[in-house]
*Asks:* 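Before I ask anything, here is the structure I am working with.
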There are 2 protein chains.
Amino acid sequence: MSDKAPTLVEVAAHAGVSLATASRVLNGSERRVKPDLQERVLASARSLGYSANVQAQAVARGTSNVVALVVGDIADPYFSSIASGVMHVADERGLIVTITATGPYAGAESVAREEAALAALRGQRPRAVVLAGSRVVGVEAAGGSAAGAFSASSERVAAIGSGAPGLRSIAVDNAGGAAALARELRGLGYADFSVLAGPPELVTVRERVDGFRSVVLGADVRHAEFSREGGHRAMAELLASGARPDCVFAVTDVMAVGAMTAVREAGLTPGADIALAGFDDIPLAADLAPALTSVSLPLAEIGARALELALADTPAADAPAITAEVRLRASTPGH
Amino acid sequence: MSDKAPTLVEVAAHAGVSLATASRVLNGSERRVKPDLQERVLASARSLGYSANVQAQAVARGTSNVVALVVGDIADPYFSSIASGVMHVADERGLIVTITATGPYAGAESVAREEAALAALRGQRPRAVVLAGSRVVGVEAAGGSAAGAFSASSERVAAIGSGAPGLRSIAVDNAGGAAALARELRGLGYADFSVLAGPPELVTVRERVDGFRSVVLGADVRHAEFSREGGHRAMAELLASGARPDCVFAVTDVMAVGAMTAVREAGLTPGADIALAGFDDIPLAADLAPALTSVSLPLAEIGARALELALADTPAADAPAITAEVRLRASTPGH
DNA sequence: AATCTACGACCTATAGCGCCT
DNA sequence: GAGGCGCTATAGGTCGTAGAT
């Protein structure tokens, strides 16, 4: 009934070898020890239930096997899909993933929270960090102080989307995807568009809105929280104002979901009375009724590539931007 | 352009004080030092960009501030909602959370993976661990070897749902919720039921199926993977077999979503031709069309309580089981 | 034929690592 | 200022074999 985990010295003593030898057979890779001793050490370790203390290893080695992931909200399908990809490659490489959520976006306070999170992360001395939630426009906020401190201290950071200068980043063609969507929708016969956007400070939001409006110049834009509720409220207000666009583009599928419900609550039929399109192509998008037209992003792959990029020794030649693919579905029927 | 993080000794030297003093003002809680020294140390720390190495602190203190969360699949709304709750309380208490995914359930292999994950977790010396994905029936698997090693080594573990004996656990009234749902559905006039279940080895599945069938005795049961695809396939097969139950209960909302699409693909209208109900009440359940009838579980709260339970010094008097609430919606209209 | 030095193979002893008490 | 946390890394020791003298 040992109530404390056995240490290496105990294992070494039990096996009758030196600490160094025990360390080598249990962890060290290079030097090898004679088979019989090796066997004895392993046997002792097993019988004592030894498990190396990774914290101590990290201190001794001067490098941890922890990677940190920063997201906005893990319950959001966008982030959880990315997290899934990150965790997959971490698992392959025997790395431990720690996750931090910066919470819903709420102006300056969020920037502060984000920086606090990054500062706290530094304490972990992670081998790499993936910023999936660093969403604030501007070098100062996203890539300046906090994130800057990372690169300066030689820690490897990769941002998803709009990379702050000087930071590795996985480029996502938000603007191009949104523009392509706009073109398709116009080709379908829609003419009167309205855009449901998140906070304008978020780069991702700006890119998607700008991309969409580069094709559909006159589209009216409405900002709201970056969530299902935000989409719901924005759409409800839009309808309450008497507007009846024939197609609404929500910059996020999650917002589109809320918008769709709002349309329904107003006694209208999504798809038929008002077409609806989103962005991200989250897992459930195609299962909605009507199935939601969206711009597909390989979220898990993005997460995986982000971690690989962050882990790389050399900043790596800039990979091509992740391309977004338009998926037309029943929520935007052809006229 | 320092490429290495400054250490405490550097800060101490810079401030002209002893290591111990610096340690006290920057981390130690008890003893306090004179204001002027304190200020000097803080100034040095700031100017050097010092950030305590938590790994080293953990080794020195003999206790880490890491809590581990084990889930099946972080991209599944059920798990990500729970994770959200866990992360929230961890954040409040200044703890770091690491997440491990055991992957989709796949028989014995999954049990092995789960144990491997737990073994790896031991190396982290977490202050507490929350098992949200430990889903296998039987003491041996879920609470036996691996998990047992934790409690034996005095680490604090809490399981969500069916607790293995000897493990702290958050009880969830799966059976009661499913039974209540069955009663409500029968009250609505449904008589011919079919159940879409996940792998029978999972306790959660068993409890929900058994609870439902304790009310609706004759219900036919069909097992499939514990996912959207599983629900889709099972429903497609059910329909292909020529069966036309008037109400189908999927043990999980995620499965219900797949089932709903399968119903539609068969040219039938969910709700009208075949009623559909799920379990969990994931965020998007009410936004589906028809809105999905489900049994609501406070997932984030469950996660939060699980971590609190795991963290508690004393095993805590057994709290009441989490009660599940039936939410009747449009997918199961009254006759 | 016996001794010496060389040398690889292997292990032990012992400094650290960054921090706490 | 000293000692310790659990572990890594490396200098330095021991031993056995082998070619040189």
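Residue numbering restarts at 1 for every chain, and letters A, B, ... go by the order of the sequence lines.
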*Asks:* Using atom CD of B:Gln57 as one end and atom P of D:dG4 as the other, report the distance to the nearest whole Å.
*Replies:* 21 Å
*Asks:* Would you mind telling me which of C:dC19, C:dT21, C:dG16 lies closest to the side-chain atoms of B:Ala20?
*Replies:* C:dT21
*Asks:* Quick one: B:Gln124 CD to D:dG6 P, roughly how many Å, whole number?
*Replies:* 18 Å
*Asks:* Any idea which of C:dC20, C:dC11, C:dC17 is nearest the A:Val59 side chain?
*Replies:* C:dC17
*Asks:* Taking only side-chain N and O atoms of B:Tyr50, does any of them lie within less than 4.0 angstrom of OP1 or OP2 on C:dG18?
*Replies:* no
*Asks:* Looking only at side-chain N and O atoms, does A:Asn27 come under 4.0 Å of OP1 or OP2 in D:dT8?
*Replies:* yes
*Asks:* Base, sugar-phosphate, or nothing for A:Thr7, non-hydrogen atoms under 4.0 angstrom?
*Replies:* sugar-phosphate
*Asks:* Rounded to the Å, how far apart are A:Gln55 CD and C:dC20 P?
*Replies:* 13 Å
*Asks:* Quick check: closest heavy atoms across B:Leu307 and B:Ala90, and the distance to 0.1 Å?
*Replies:* CD2-N, 3.7 Å
*Asks:* How do B:Arg61 and B:Leu19 order along DNA chain D: which one's closest nucleotide is nearer the 5' end?
*Replies:* B:Leu19
*Asks:* Quickly work out the A:Arg24 CZ to C:dC11 P distance and round it to whole Å.
*Replies:* 7 Å
*Asks:* Test side-chain contact (heavy atoms from CB on, under 4.5 Å) on A:Val157 and A:Leu118 and set out the steps.
*Replies:* CA-CA 11 Å; A:Val157 186; A:Leu118 289 189; over 6 Å; no
*Asks:* Mind calculating the distance between CD (A:Glu10) and C1' (D:dC5) to the nearest angstrom?
*Replies:* 13 Å
*Asks:* Remember a base hit wins even if backbone is also touched, and classify A:Ala52 as base, sugar-phosphate or nothing at under 4.0 Å, heavy atoms.
*Replies:* sugar-phosphate
*Asks:* Can you check whether A:Ser84 reaches B:Ile74 side chain to side chain, under 4.5 Å on heavy atoms?
*Replies:* yes
*Asks:* Distance check needed: C:dC19 C1' versus A:Asn53 CG, whole Å only.
*Replies:* 14 Å
*Asks:* Quick check for you: among D:dC7, C:dT12, D:dT8, whose closest atom lies nearest to any side-chain atom of A:Ser23?
*Replies:* D:dT8
*Asks:* From CZ of A:Arg122 over to P of C:dG18, roughly how many Å is that when rounded to an integer?
*Replies:* 14 Å
*Asks:* Please tell me which of the listed nucleotides, C:dG18, D:dC7, C:dC11, lies nearest to the side chain of A:Ala60?
*Replies:* D:dC7
*Asks:* What's the CG-C1' distance between B:Leu8 and C:dC17, to the nearest Å?
*Replies:* 13 Å
